[in-house]
Amino acid sequence: MKVVLIRHGESIANFENYWTGWLDVPLTEKGKVQAKNAGKKISAENIQFDAVFTSVLKRAILTSQVVLEECNQLWVPVTKTWRLNERHYGALIGKNKDEMSALYGVEQVKKWRRGYWEIPPLENSQTFDRRYQALASQDLPKGESLAQTLKRVVPLWQDQIAPLLLDGKNILVAGHGNSLRALVKYLEEVPDNQLASIAIPNAQPIVYEFDDKLQIVEKKLI
């Protein structure tokens, strides 16, 4: 059974170098091309998907759609879930990373971006639209560490993705840099102090093959 992880193509926030988090920003034209090329690579591997999981943010949703279109598999059922949203960057959302480095120092910004336990400055007021109206208040963050992001991603794997794999299905997971980093950390049991080893480039398909006990048989980037 195979799982393909793919981070969305370049977004406006990636291009302009600001923190996005749960902010819903579009892909750039370059990002759309990246998603299309990723779909071609997956199609060349002849991977037939049975289910797709993505976040509720349009940069990941559109990436999944473009990939499926290139694979001639737009009909495959898609589940959109907040559990795959990007890490919530709290009060840093919308702030330029270079400007924050000048203000708080490079090391502090590095901790916010790559640390496992580091929590960003929290939002004073939460602004969530109706896509989140069914969530309990404790599931609506004011800011998250990567450790907290992991806690919301793992139940998706355990409750929905793993059972499909055990049933012999192939899965596409279209997410974000940190939600996928969290999932990779979980799947590969990466130690907390080695997170820098996890790279999730934009629109780079990561293919995992699992045995019938959900042990990783092979991992490759295509």
Side-chain angles (χ1 to χ4, degrees), residues 1-11 14 27 30-55 57 59-81 83-87 146 149-150 152-191 194-222:
M1 297 77 68
K2 291 184 173 67
V3 172
V4 178
L5 306 184
I6 185 164
R7 180 185 177 190
H8 60 80
E10 181 188 72
S11 71
N14 296 145
L27 297 176
K30 176 182 176 181
K32 295 174 185 177
V33 172
Q34 288 176 328
K36 190 168 185 176
N37 289 338
K40 291 178 179 177
K41 292 176 182 178
I42 294 170
S43 180
E45 293 287 316
N46 195 30
I47 300 173
Q48 301 298 309
F49 296 115
D50 299 288
V52 180
F53 292 85
T54 186
S55 74
L57 300 171
R59 57 195 186 274
I61 295 170
L62 181 57
T63 297
S64 71
Q65 290 175 336
V66 172
V67 166
L68 290 174
E69 185 171 27
E70 288 300 316
C71 296
N72 196 29
Q73 298 183 61
L74 267 174
W75 57 271
V76 175
V78 178
T79 298
K80 302 181 182 76
T81 170
R83 291 188 179 277
L84 282 173
N85 275 16
E86 176 59 290
R87 173 184 168 193
L146 186 62
T149 306
L150 178 70
R152 62 168 161 88
V153 171
V154 169
L156 173 67
W157 177 270
Q158 294 175 335
D159 298 341
Q160 297 188 58
I161 298 177
L164 290 173
L165 291 174
L166 291 171
D167 197 31
K169 309 299 185 184
N170 293 329
I171 312 296
L172 174 65
V173 179
H176 303 260
N178 282 295
S179 58
L180 295 181
R181 282 178 76 223
L183 184 53
V184 168
K185 172 178 167 47
Y186 172 74
L187 293 178
E188 299 185 19
E189 300 180 344
V190 178
Q194 294 182 25
L195 290 178
S197 66
I198 304 176
I200 312 289
N202 288 103
Q204 171 72 70
I206 304 171
V207 183
Y208 287 92
E209 184 173 350
F210 295 88
D211 63 20
D212 57 6
K213 295 182 181 178
L214 297 191
Q215 298 300 306
I216 297 172
V217 174
E218 182 184 28
K219 173 189 178 181
K220 64 179 180 179
L221 277 63
I222 59 174

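- The neighbour count for Asn72 CG, taken as heavy atoms of other residues, nucleotides or ligands under 6.0 Å away, does not exceed 12.
- Listed for the Thr54 side chain is a donor-acceptor partner under 3.5 Å among the backbone atoms of Ala174.
- Side-chain atoms of Arg59 never come within 3.5 Å of backbone atoms of Leu27 as a donor-acceptor pair (strictly under, hydrogens ignored).
- Within the 3.5 Å criterion, the main-chain N or O of Asn178 finds a donor-acceptor partner in the side chain of Glu86.
- Note: Ser64 OG to Leu74 CG = 9.0 Å, rounded to the nearest 0.5 Å.
- A 4.5 Å side-chain heavy-atom check between Phe53 and Leu164 finds at least one atom pair inside the cut-off.
- In this structure, Ile61 and Lys80 have side chains that are in contact, with non-hydrogen atoms separated by less than 4.5 Å.
- Closest heavy-atom contact between Leu195 and Lys185: CD2-CD, 3.5 Å.
- Minimum heavy-atom separation, Val67 to Ala38: CG2-CB, 4.4 Å.
- The two residues Ala35 and Val66 have their closest heavy-atom pair at C-CG1, 3.7 Å.
- For the atom pair CG (Leu57) and CG (Leu62), the distance works out to 12.5 Å, reported to the nearest 0.5 Å.
- Of the possible donor and acceptor atoms, none in the side chain of Ser55 sits under 3.5 Å from a partner among the backbone N and O of Asn85.
- Between the Glu70 side chain and the Ile42 main chain, no donor and acceptor come within less than 3.5 Å of each other.
- Within the 4.5 Å cutoff, no side-chain heavy atoms of His176 are placed close to those of Thr149.
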Might you work through the side-chain contact (heavy atoms from CB on, under 4.5 Å) test for Ile200 and Ile206, ending with a clear yes or no? CA-CA 9 Å; Ile200 312 289; Ile206 304 171; 4.0 Å; yes
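- Under the 3.5 Å distance criterion, the side-chain polar atoms of Asp167 are left unmatched by any main-chain donor or acceptor of Lys169.
- The closest side-chain heavy-atom distance from Gln160 to Arg83 is not below 4.5 Å.
- Looking at Asn202 and His8, their side chains come closer than 4.5 Å, going by heavy atoms from C-beta outward.
- Remark: side-chain polar atoms of Asp50 are paired, donor with acceptor, to backbone N or O of Asn170 under 3.5 angstrom.
- Taking every heavy atom of both residues into account, Met1 and Leu214 meet most closely at CE-CD2, 4.4 Å.
- Here CG of Leu165 is found 11.5 Å from CG of Asp212. Values are rounded to the nearest 0.5 Å.
- The distance from the CG atom of Leu183 to the CD1 atom of Ile161 is 6.5 Å, given to the nearest 0.5 Å.
- When each of Lys2, Glu188, Glu218 is tested with Tyr208 by the rule side-chain hydrogen bond (donor to acceptor under 3.5 Å, both in side chains), just one qualifies, namely Glu188.
- For the pair Gly39 and Cys71, the tightest heavy-atom approach, listed with the atom from each and the gap, is O-SG, 3.5 Å.
- Side-chain atoms of Arg7 and Gln204, non-hydrogen and from C-beta on, never get closer than 4.5 Å to each other.
- The CG atom of Leu150 sits 11.0 Å away from the OG atom of Ser179 when rounded to the nearest 0.5 Å.
- Listed here is the closest heavy atom pair of Val184 and Val190: O-CG2, 4.2 Å.
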Determine whether Ile222 and Glu45 satisfy the following criterion, side-chain contact (heavy atoms from CB on, under 4.5 Å), listing intermediate values before the conclusion. CA-CA 9 Å; Ile222 59 174; Glu45 293 287 316; 3.6 Å; yes
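- Lys213 contributes atom NZ, which lies 12.0 Å from atom CG of Leu166 (distance to the nearest 0.5 angstrom).
- Ring planes of Tyr186 and Trp157: perpendicular class, angle over 60° (limits at 30 and 60°).
- Between the side chains of Gln48 and Asn46, at least one donor N or O sits under 3.5 Å from an acceptor N or O.
- A 4.5 Å side-chain heavy-atom check between Val217 and Phe210 finds every atom pair outside the cut-off.
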